[in-house]
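Since the structure comes first, as structure tokens, the remarks are kept for the end.
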Amino acid sequence: MELIRELAVQGGEMLLVVLLAPLVTGVVRKLKARLLRREGPSVVQPYRDLLRLMRKDVVLADNASWLFRTAPYLIFATTWVAAALVPTFATGLMFSWSADLIAIVALLGSARFFLALAGMDVGTSFGGIGSSREMMIAALAEPVMIMIVFALALLAGSTQLSTIAAYMVSPAVGLRVTLGMAFVSLLMVGIAETARIPVDNPATHLELTMVHEAMVLEYSGRHLAVLELASSLKLLLYLSLIACLFLPWGLAPPDASALFYAIGVAAYVAKILVGCTALSVFETVVAKMRVFRVPTFLGAALMLGFLGTLLLFVSRGF
Amino acid sequence: MPIILLLSGIAALLILALLALFLSGRSSATSVVYGGGLLLSLGLLGVGAQHLLGNTAPLELSLPLGLPWIGAHFRLDALSAFFVVIVNLGAAVSCLYGLGYGQHAEDPSRVRPFVPAFVAGMNLVLLAADAFTFLLSWEFMSLASWALVVAAHRDPRSLRAGYIYALMASLGTFALLLAFGLLAGPNGSYAFAAMRAAHFTPAVGALVLCLVVLGAGSKAGLVPLHVWLPEAHPAAPSHVSALMSGVMTKVAVYAVIRIVFDLLGPPHWWWGVVLLALGGASALMGILYALFDADQKRVLAFSTIENVGFIFVALGLALAFRADGFQAAAALALTAALFHVFNHSILKGLLFFGTGAVQHATGTRDMERLGGLIHRMPVTAFCVLVGCVGIAALPPLNAFASEWLTFQAILLSPSLPQWGLKLLVPAVGALLALAVTLAAACFVRFFGTSFLGRPRSEAACGAEETDVFSRAAMLFLAGVAVLAGLLPGVVIDALGPVSSSLIGHQMPVQTSQPWLSIVPIAASRSSYNGLLVFIFIAMSAGIVASTIHVFASRRVRRAPAWDCGFADPNPALQYSASSFSEPIRRVFGPLLFLARTEVEIPPPGSMGPARLRVHLEDVIWQRLYMPVTGLVAGIADRLNVFQFLTIRRYLSLVFLALVSLLLVLAIWS
């Protein structure tokens with residue numbers, strides 16, 4: 001009975017994130033449009049797009065290999081597993097111990113590895129430009145994530161997300177400089193990793209500015225649908241991660257009653273809405289930067305994360 | 001008994017090497033040498049594995065060989081047994097690969113005799129238990145591998161590589177000789193057992209550490225002693241490159257562990273600092289060099305430097321923890337280092353085999369001339385893909401597990417009391433994180449330009465899949481890499497005896513954990529389960545793919561590539577290896593490689609082509625080695641005068657030297 005309940009919670013969590021992900025994209029698009037005083041498409045438009053794409057034929061380039069055809073599913077599955085390991089509305093999920101925060105970061109790295117390979121598979125110049133830039137951005141963004149993980153893990157004494165989240169609501173946290181630095185650098189790296197303005201523009205199809213869109217340029221039909229869903233899922237994952245680490249209130253504890261779960265889901269949706277609003281406002285007020293300004297941006301994030309970690313190393317042992 | 005078996009196996013390998021000399025003209029030579037080598041290494045592997053897993057006490061043996069008043073001492077303990085497994089696993093797979101690759105290699109009779117000799121030399125180093133036997137075996141191993149490096153002796157690049165390698169190897173052996181001289185003390189007790197019992201002053205310990213880092217670190221490829229490695233490893237035939245890069249660097253790691261952890265006694269905390277700093281620098285510099293090179297085998301050799309850096313960082317952590325009395329943390333760091341030794345030897349072997357297959361099929365290893373091989377060499381491409389995912393340290397493959405353990409060890413280090421370590425360890429952690437992600441970029445570039453895209457040359461168009469032995473060797477290593485990634489607990493448990501014999505502590509038993517997770521310290525702190533992650537990914541991908549195929553659409557149409565409507569048939573317009581690394585070169589190049597880009601645009605009206613030139617300088621070679629070689633050459637020029645003296649002057653010089661030596665002796669006492 002206990003096992004079934006835990007499985008249901010874990011399964012519900014996985015379903016929730018995958019169902020919610022297109023809505024997040026839709027809400028952000030709608031809000032951005034309204035901020036620019038445009039009407040904008042309906043918030044459910046991403047669902048319609050996905051359904052239509054899935055029913056369409058796949059048009060494969062002549063020399064696309066098996067890797068090109070399997071990569072979308074691998075990328076989606078890896079992102080989904082990573083998202084399933086982030087506590088959204090409840091902590092202590094059944095399989096949360098199978099991978100800690102370092103592994104979640106590395107899982108996203110696996111997804112990106114295959115996405116970059118898929119971008120190079122057909123052998124076009126745009127695919128290569130996207131892969132090359134994506135790997136440059138990732139090479140700077142992932143160390144930032146590892147530094148943030150170090151900072152949080154040193155504070156909470158664990159790299160398990162559930163334990164860190166439990167620590168963050170406990171009174172032991174206090175107000176710490178390290179947490180502030182980690183928060184800012186997580187926001188910066190989240191923007192870079194989810195390909196948002198000012199690092200990348202999800203709406204662009206101008207050659208010189210594309211990063212993510214250039215890699216998926218050759219994809220169509222169901223493959224494109226799966227990739228779009230994966231990138232929405234990644235955005236939701238980062239929002240959930242920020243929510244779980246820095247707004248951990250309302251998370252249902254393990255073995256809680258149904259009421260707690262209901263509160264957890266409501267709190268989660270509210271947090272995600274707040275995140276979407278903040279993201280839309282931020283994206284509306286800043287301009288996209290040149291690709292070669294990105295290293296400076298991420299270098300600042302890396303320094304923040306590193307200083308936060310260093311502060312903890314130095315302050316321990318007194 | 002096992003030690004006699006091992007020694008007779010080594011003797012059989014040496015006999016096989018001699019036999020290969022006599023067989024050199026026969027057509028059956030390749031099968032005999034590599035088949036025999038395969039069987040013998042499998043036997044040695046079995047003996048080593050049995051000793052390691054059986055967790056038996058160390059075995060010792062002395063033979064009346066070598067110097068008459070010393071004899072030759074041999075010892076088989078858990079550490080030696082683990083490295084015997086690494087060496088012979090690599091050797092067995094290389095011989096299997098050689099069965100196919102050796103058939104179509106050019107001038108195979110220059111390679112065959114030295115391969116069994118090289119394997120025998122590496123095995124002897126692991127068993128040696130006195131300084132004389134150790135140095136003799138070490139030098140034998142170096143010479144055998146040198147002969148393999150210059151096997152293609154008509155290629156001037158091979159000769160240059162062999163020259164640099166010989167210089168660096170002699171420097172390394174010289175440093176080790178001095179280190180053992182210090183360890184032996186004034187009484188000249190050359191047996192390891194006597195060194196283990198002796199106590200050393202801090203100054204001697206420090207000097208020995210520096211000499212060992214110089215001697216064994218140069219063999220392992222630590223920056224800045226790495227310059228020979230990217231020249232020598234690629235110059236050898238591919239199965240030997242796999243042995244040199246995957247296995248011989250590990251023998252050097254063994255030498256460091258043996259001397260620093262075993263013979264030198266209790267460590268000081270700053271010993272860890274030396275290893276951490278050099279390891280961190282090697283990890284970052286190695287992978288950056290790899291990112292800017294277009295020769296497949298050189299990329300792999302540079303990536304070896306990165307991985308060796310990783311291993312040394314973990315060893316440095318283990319030393320620092322041990323010096324401060326955190327035995328459990330030291331066991332964790334040491335296990336991470338040894339686990340990475342295992343993973344890297346598997347993955348590097350796999351990748352070198354892949355490049356060997358590509359080189360045979362296309363005649364080139366220049367990534368700018370390859371492309372599209374995934375269609376023509378499907379098995380090789382698949383195996384190399386597994387190797388690339390593995391070496392980029394991505395879950396759920398094996399190298400991720402060992403790097404994860406290293407990060408866990410770093411997270412334990414704030415409790416270290418010394419300020420030097422407190423400031424250095426997070427910086428090294430950041431360097432490692434950077435190196436890991438750059439490795440992912442490097443291997444996307446490696447696989448993407450060689451195997452994906454469109455062929456960039458005629459040779460790449462006409463490539464054919466490699467032979468059955470080579471495929472078997474690659475598939476086997478890919479399987480081991482996947483298995484070790486899914487069940488890391490099994491490997492960690494096998495390493496338990498090694499860390500308990502060196503540190504007196506070992507990691508908790510992992511295979512008894514529920515669901516075969518690995519839990520380095522406590523479940524609430526951190527845990528990772530490669531098997532479950534893999535199953536989840538496979539299940540989710542399967543569910544999504546089958547749902548979409550059943551309920552939505554499964555039709556496929558083939559059409560020309562879209563490419564924003566500008567599909568140019570010329571494959572030269574693809575992203576090349578150097579254009580792939582251009583953004584990263586912009587970030588790191590100016591600082592670490594003094595990179596400059598020159599654009600030449602012809603004047604208006606001229607029909608000449610525009611040119612873009614990139615200048616990269618190897619700072620270490622320019623700033624460290626060039627002055628030294630210049631100095632040596634200058635001194636040699638000055639001393640040249642002594643070559644052309646008359647006999648009277650020579651006699652007076654001898655007389656003067658004698659007098660001054662006598663004077664020194666008189667003043668000394």
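Here the structure is a predicted model, which is why all the values come from computation and not from measurement. Chain letters run A, B, ... following the sequence lines, proteins first, then strands; residues in each count from 1.
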Main chain of B/Gln510, side chain of B/Gln513: is a donor-acceptor contact present, judged purely on distance under 3.5 Å?
no
For A/Val81, which atoms come within 4.5 Å of any heavy atom of chain B: side chain, backbone, both, or neither?
side chain
Could you tell me whether the side chain of B/Arg445 and the main chain of B/Leu291 form a donor-acceptor pair under 3.5 Å?
yes
Counting heavy-atom pairs under 4.5 Å with chain A, which one of B/Gly372, B/Pro426, B/Pro583 comes out on top?
B/Pro426
Relative to chain B, which segment of A/Phe306 carries a heavy atom at a distance below 4.5 Å: side chain, backbone, both, or neither?
side chain
Could you tell me which portion of B/Ser517 (side chain, backbone, both or neither) has an atom closer than 4.5 angstrom to a non-hydrogen atom of chain A?
side chain
When you measure from the side chain of A/Ser132 to the backbone of B/Phe580, do you find a donor-acceptor pair of N or O atoms at a distance under 3.5 Å?
yes
Specify which of A/Ala103, A/Ser162, A/Gly119 makes the most heavy-atom pairs with chain B at under 4.5 Å.
A/Ala103
Centroid-to-centroid, A/Phe76 to A/Tyr73, below 6.0 Å?
no
Which one of A/Ala82, A/Ala118, A/Ala106, A/Ala99 has the most heavy-atom pairs closer than 4.5 Å to chain B?
A/Ala106
What option among A/Leu217, A/Val226, A/Leu302 has the most heavy-atom pairs under 4.5 Å with chain B?
A/Leu217
Backbone of A/Met14 reached by a side-chain donor or acceptor of A/Trp80 within 3.5 Å
yes
Quick check on B/Ala545 against chain A: is it the side chain, the backbone, both or neither that has a heavy atom closer than 4.5 Å?
both
Is it the side chain or the backbone of B/Ser579 that comes within 4.5 Å of chain A heavy atoms, both, or neither?
backbone
Would you say that more than 12 heavy atoms from the other residues, nucleotides or ligands in this model lie under 6.0 Å from the CZ of B/Arg558, or not?
yes
Which bit of A/Gln160 is near chain B, if near means a heavy-atom gap under 4.5 Å: side chain, backbone, both or neither?
both
Using a cut-off of under 4.5 Å on heavy-atom pairs, state which of A/Asn63, A/Leu140, A/Thr309, A/Leu51 scores highest against chain B.
A/Asn63
Can you say whether A/Arg69 sits under 4.5 Å from chain B via the side chain, the backbone, both, or neither, judging by heavy atoms?
side chain
Under 3.5 Å, is there a donor-acceptor pair between the side chain of B/Lys422 and the main chain of A/Val314?
no
Please classify the contact between A/Val105 and chain B as side chain, backbone, both or neither, with a heavy-atom cut-off of under 4.5 Å.
neither
Against chain A, label B/Leu411 side chain, backbone, both or neither, depending on which of its atoms sit under 4.5 Å from a heavy atom there.
both
Taking side chain as everything from C-beta outward and backbone as N, CA, C, O, which of these in B/Phe588 sits under 4.5 Å from a heavy atom of chain A? Side chain, backbone, both or neither.
side chain
Does any N or O in the side chain of B/Thr437 come within less than 3.5 Å of the main-chain N or O of B/Ala433, such that one atom is a donor and the other an acceptor?
yes
Hey, which of B/Arg525, B/Met539, B/Gln574 has the most heavy atom pairs under 4.5 Å with chain A?
B/Arg525
At a heavy-atom separation under 4.5 Å, does B/Phe400 approach chain A through its side chain, its backbone, both, or neither?
side chain
Between B/Arg555 and A/Asp57, is the closest basic N to carboxylate O distance under 4.0 Å?
yes
Non-hydrogen atoms of chain B under 4.5 Å away: do they reach the side chain of A/Phe68, the backbone, both or neither?
neither
Any idea which of A/Pro295, A/Gly157, A/Ala116 has the most non-hydrogen atom pairs under 4.5 angstrom with chain B?
A/Gly157
If I measure from the heavy atoms of chain B, does A/Thr163 come under 4.5 Å with its side chain, its backbone, both, or neither?
side chain
Note: A/Thr91 and A/Ala165 closest approach over all heavy atoms is CG2-CB, 4.3 Å
B/Arg454, part contacting chain A, at a heavy-atom distance under 4.5 Å:
both
When B/Val444, B/Leu532, B/Val556 are compared by non-hydrogen pairs under 4.5 Å with chain A, the top option
B/Val444
Per-residue contact mode, A/Ala64 against chain B (heavy atom under 4.5 angstrom):
both
Are the side chain of B/Asn529 and the backbone of B/Leu531 linked by a donor-acceptor contact shorter than 3.5 Å?
yes
Where on A/Ile146 is there a heavy atom nearer than 4.5 Å to chain B: the side chain, the backbone, both, or neither?
side chain
Side chain, backbone, both or neither: which part of A/Thr70 has a non-hydrogen atom closer than 4.5 Å to chain B?
neither
Minimum heavy-atom distance A/Thr79-A/Leu237, with the two atoms named
O-CD1, 4.0 Å
If you take all heavy atoms of B/Ile374 and A/Ser65, which pair is closest and at what distance?
CG2-CB, 3.6 Å
Interface moiety of B/Leu431 toward chain A, non-hydrogen atoms closer than 4.5 Å:
neither
Just so I understand: if I count every heavy-atom pair under 4.5 Å between each of B/Ile518, B/Ile410, B/Val436 and chain A, which residue has the most?
B/Ile410
Chain A contact via B/Pro417 - which portion, at a heavy-atom distance below 4.5 Å
neither
Heavy atoms of A/Glu218 and B/Asp563 approach each other most closely as OE2-N, 2.7 Å
Are the side chain of A/Asp121 and the backbone of B/Leu452 linked by a donor-acceptor contact shorter than 3.5 Å?
no
Below 6.0 angstrom between ring centroids: does that apply to B/Phe407 and A/Phe150?
yes
Taking side chain as everything from C-beta outward and backbone as N, CA, C, O, which of these in A/Met54 sits under 4.5 Å from a heavy atom of chain B? Side chain, backbone, both or neither.
both
At a heavy-atom separation under 4.5 Å, does B/Ile584 approach chain A through its side chain, its backbone, both, or neither?
both
Between A/Ala138 and chain B, which part of the residue has a heavy atom less than 4.5 Å away: side chain, backbone, both or neither?
backbone
With a 4.5 angstrom heavy-atom cut-off, which part of B/Ala439 approaches chain A: side chain, backbone, both or neither?
neither
Where does A/Phe113 contact chain B at under 4.5 Å (heavy atoms): side chain, backbone, both or neither?
both
Side chain, backbone, both or neither: which part of B/Glu403 has an atom under 4.5 Å from a heavy atom of chain A?
neither
Over all heavy atoms of both residues, which pair between A/Ser232 and A/Ala21 is shortest? Give the atoms and the distance, please.
CB-O, 3.6 Å
For A/Glu134 and A/Arg112, indicate whether the former's side chain and the latter's backbone hold a donor-acceptor pair under 3.5 Å.
no
Does any N or O in the side chain of A/His223 come within less than 3.5 Å of the main-chain N or O of A/Val58, such that one atom is a donor and the other an acceptor?
no
